[in-house]
*Asks:* 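Next up is a structure, given as structure tokens.
Atoms within each ligand, like the ligands themselves, are counted from 1 in listed order. Note that the structure is predicted; figures quoted are calculated from it, not measured.
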Amino acid sequence: MTQIKKIGLFTSGGDAPGMNAAIRAVVRTAKYYNIEVVGIRRGYEGMINGELFPMDGKSVANIIQRGGTILKTARSEQFKTAEGRRLAYDQLVKHGIQGLVAIGGDGTFTGARIFGSEYDMPIVGLPGTIDNDLYGTDFTIGYDTAINTVIDAVDKIRDTAESHDRLFIVEVMGRDSGLIALRTGIASGAEAIIIPETKRDINALMDRLENGRKDKSSKIVMVAEGEDPGGAFEIGRQVKEKFPNYDTRVSILGHIQRGGKPSCMDRVLASRVGVAAVEALRDGHRNEMIGIVHNEIAFTPFEHACKHHVEINANFLKIVEILSI
Ligand code: F6P
């Protein structure tokens, strides 16, 4: 066990519902173990600019139910440079910080990995992203809330689609991961799901529309944004061209997926990994993400946690194929 007396805490990258619950868990656990917490606003950017302030148990009261992040967040270009990281390290030393808890996703952990290899600063990460695209945790903080937001929205779209006998192409977030589309496609009874992992197969979608049942009054096609947000419009254009008899509309759900009250699952996940983060720093862990795999706390080095390893469960696609006949 190390004698860590002061830690820094920040959120970085895209916000995710449940980040506040994670912040609360880290601050309260640190208090429990008599460790001081310094909050860092706006992620790495705020670290560089010295936006550091003391946090206590009271400063995280009444936030477990709130979406967004009270620490604010940013995507920092400066931290990608050696000079930016040096400025950040100087700030940490100035404030007597002996360890860091980073809450974020792929970009956050890539930054943490590089920083941890350059400076003697233990860092542990908590998986906070709606995309669920990190290896080493079954679910990321924010994913459950986001997929529930999506199905709530798609249920509403279904009502109007049904009334007008329309086909809707619905685009969801996920950057280059299709995990939001995959689960919400099943849960909302989608006709087809188009995700980057299986390469957008527009021909398969056309076949499905050509040869599938014609008597359905509404159809939903779930599209993951992929590298190219707004790509659903192009799919919509091609569908309209090939099937002029379908009354087709495109709906991009966008940033509503990132907001809102975190679900119970996200609050509990955030609380569990938040407690584990402080205990991990005390136990001498560094350069690892803390997730939950098969209901147990799991430690994964940052370099393995980043998304390229997450595989799509082919059964999920098969389920859509079977259930949408
Ligand atoms: O990583 C979370 C996420 O919401 C992605 O799903 C999406 O591609 C991206 O962030 C959008 O980022 P921004 O809000 O910076 O445009």
*Asks:* Contact between ligand 1 and Q257 is defined here as a heavy atom of the residue under 4.0 Å from a ligand atom; is it met?
*Replies:* no
*Asks:* Name the residue from E162, E191, H164 that meets the side chain to side chain donor-acceptor pair (under 3.5 Å) definition with S218.
*Replies:* E162
*Asks:* Got the closest protein heavy atom to atom 3 (C) of ligand 1, with its distance?
*Replies:* R258 NH1, 3.5 Å
*Asks:* I need the nearest protein heavy-atom contact for atom 1 (O) of ligand 1: residue, atom name and distance, please.
*Replies:* D131 OD2, 2.7 Å
*Asks:* For atom 12 (O) of ligand 1, what's the nearest protein heavy atom and its distance?
*Replies:* R75 NH2, 3.0 Å
*Asks:* Please name the pair of heavy atoms, one in T198 and one in L317, separated by the smallest distance, quoted to 0.1 Å.
*Replies:* CG2-CD1, 3.5 Å
*Asks:* Show which atoms of ligand 1 fall inside a sub-4.0 Å distance from at least one heavy-atom site of H255.
*Replies:* 13 (P), 14 (O), 16 (O)
*Asks:* Within the distance-only criterion (no hydrogens, no angle test), does the side chain of D133 pair as donor or acceptor with the backbone N or O of D106 below 3.5 angstrom?
*Replies:* no
*Asks:* Could you say whether the N/O atoms of G174 and ligand 1 ever approach to under 3.5 Å?
*Replies:* yes
*Asks:* Could you list the atoms of ligand 1 found under 4.0 angstrom from a heavy atom of M173?
*Replies:* 4 (O), 6 (O)
*Asks:* Sub-3.5 Å donor-acceptor pair from the side chain of N20 to the main-chain atoms of G67, do we have one?
*Replies:* yes
*Asks:* Give a yes or no on whether the backbone of A112 and the side-chain of Y44 come within a donor-acceptor separation of less than 3.5 Å.
*Replies:* yes
*Asks:* How are the rings of Y119 and Y89 set to each other: parallel, tilted or perpendicular (split at 30° and 60°)?
*Replies:* parallel
*Asks:* Between E225 and ligand 1, find which residue part has any heavy-atom pair under 4.0 Å and reply side chain, backbone, both or neither.
*Replies:* side chain
*Asks:* Hey, is E51 close enough to R42 for a salt bridge, meaning N to O under 4.0 Å?
*Replies:* yes
*Asks:* Quick one: look up the protein heavy atom nearest atom 9 (C) of ligand 1 and list residue, atom name and how far away it is.
*Replies:* R175 NH2, 3.5 Å
